Each structure stands twice: as structure tokens, then as C-alpha cells.
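Everything numeric here is computed off the predicted structure, so don't read it as measured data.
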Amino acid sequence: MVTNRTVDTFAVVVEALVVMATAREGIISSERIADELGVNAVIIRRLLAPMRAAGYVEARRGVGGGWAIARDPQRLRLGDIYRVLPANQRLRSGVLGRILAKAAAEFIAELDRATLADVMTR
């Protein structure tokens, strides 16, 4: 189910990916990402962990380390990013559940039509 919290989390992840994709050095610390987005660096690291597991970003430790985009932004669909986020919403049954499931499917279908590169150019 799509909730405001899910959309907000998704928006932060996409914004963090844009920051990484546009970093001049090619790699950027979670602290710098957090500063640019106005959130805590711990939150950035937590949100990017599933993106790393999916192979969308890379994390490098140590001096000069940080986060780097691992996929071509033109090939990274927003729907793919959304699907990687932990789904911890409870499902509803009955008529309301069917309506919410249909709305969520339409939402994700719209995300599948856009790429990270689309967001970077808008």
C-alpha cells in the first residue's frame, strides 16, 4: 500500500541518488548527502542500504570513501527504486484492499515510465 510515509521515504532516496549521480567526484559521503537534503546521515545510510543490496549504489569505506551510483541513471527506473524499499505496510482486505491495490499498481506503473535521469533534468 502506498502511504505518505512511503512516498516521503521514496522521495528522499531518489533525491539522494540524484545527489550521488551528480557528484563531481563520483563519490560522496553520507554526511554530504545528508547536508544537501537536510536529513540525518544515519537515515541516509539506512535508506541506501537496500539500494546497495540491489546493486543500484556502491559504498566504499575509509578515507575518501562514501557512496557512488552504480547504475546508469538513464536505465534506472523509479519503479525499480520504489520496489526495493522495505514494504512494511499492512495489507487491507475486501473492497478497500482491492481499491488500494489498484491505486498502488497505477502509482508504480507511472514510476516505471520515468528514470532517475528524468528526475535529474527536471
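- Between A16 and I33, the shortest heavy-atom distance links the atoms CB-CG2, 3.8 Å.
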Please lay out, stage by stage, how D80 and Y56 fare under the test side-chain contact (heavy atoms from CB on, under 4.5 Å).
-> CA-CA 10 Å; D80 294 334; Y56 299 159; 3.4 Å; yes
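- Within the 4.5 Å cutoff, the side chain of V12 has heavy atoms near those of the I44 side chain.
- Under the 3.5 Å distance criterion, the side-chain polar atoms of R46 are left unmatched by any main-chain donor or acceptor of V42.
- Ion pairing between a basic and an acidic side chain is recognised when a charged N comes within 4.0 Å of a carboxylate O; R83 and D112 show such pairing.
- More than 12 heavy atoms of other residues, nucleotides or ligands lie within 6.0 Å of CD in E31, so this atom counts as buried by the packing criterion.
- Considering all non-hydrogen atoms of both residues, G55 and A70 come closest at O-CB, 3.5 Å.
- V57 and L48 make their closest contact through CG2-O, 4.0 Å (heavy atoms, listed as atom of the first residue, atom of the second, distance).
- To the nearest 0.5 Å, atoms CG (L111) and CD1 (I81) are separated by 9.0 Å.
- The OG atom of S30 sits 11.5 Å away from atom CG of L37, with the distance rounded to the nearest 0.5 Å.
- Going from atom CG of L100 over to atom CZ of F107 covers 13.0 Å, rounded to the nearest 0.5 Å.
- Looking only at side-chain heavy atoms (C-beta outward), I27 and W67 stay at 4.5 Å or farther from each other.
- Transitive grouping of hydrophobic side chains (ILVMFWY, heavy atoms separated by less than 4.5 Å) brings V39 and L47 into a common cluster.
- Screening V19, V18, T22 against E36 for a side-chain contact (heavy atoms from CB on, under 4.5 Å) leaves a single residue, V19.
- Across all non-hydrogen atoms, the minimal contact from R60 to A68 is NH2-CB, 4.1 Å.
- The heavy-atom pair separating R71 from A54 by the smallest distance is NH2-O, 3.8 Å.
- Of the inter-residue distances, the one linking I69 atom CD1 with L17 atom CG reads 4.5 Å to the nearest 0.5 angstrom.
- A salt bridge does not link D35 with R32: every distance from a Lys NZ or Arg NE/NH1/NH2 to an Asp or Glu carboxylate oxygen is 4.0 Å or more.
- With hydrophobic clusters built from ILVMFWY side chains whose heavy atoms lie under 4.5 angstrom apart, Y82 shares a cluster with M120.
- The closest side-chain heavy-atom distance from L76 to D72 is not below 4.5 Å.
- In terms of heavy atoms, P50 sits closest to V84 at O-CG1, 3.2 Å.
- No side-chain donor from either of T115 and R77 sits under 3.5 Å from a side-chain acceptor of the other.
- Residue M51 holds its CE atom at 15.0 Å from CD of E58, rounded to the nearest 0.5 Å.
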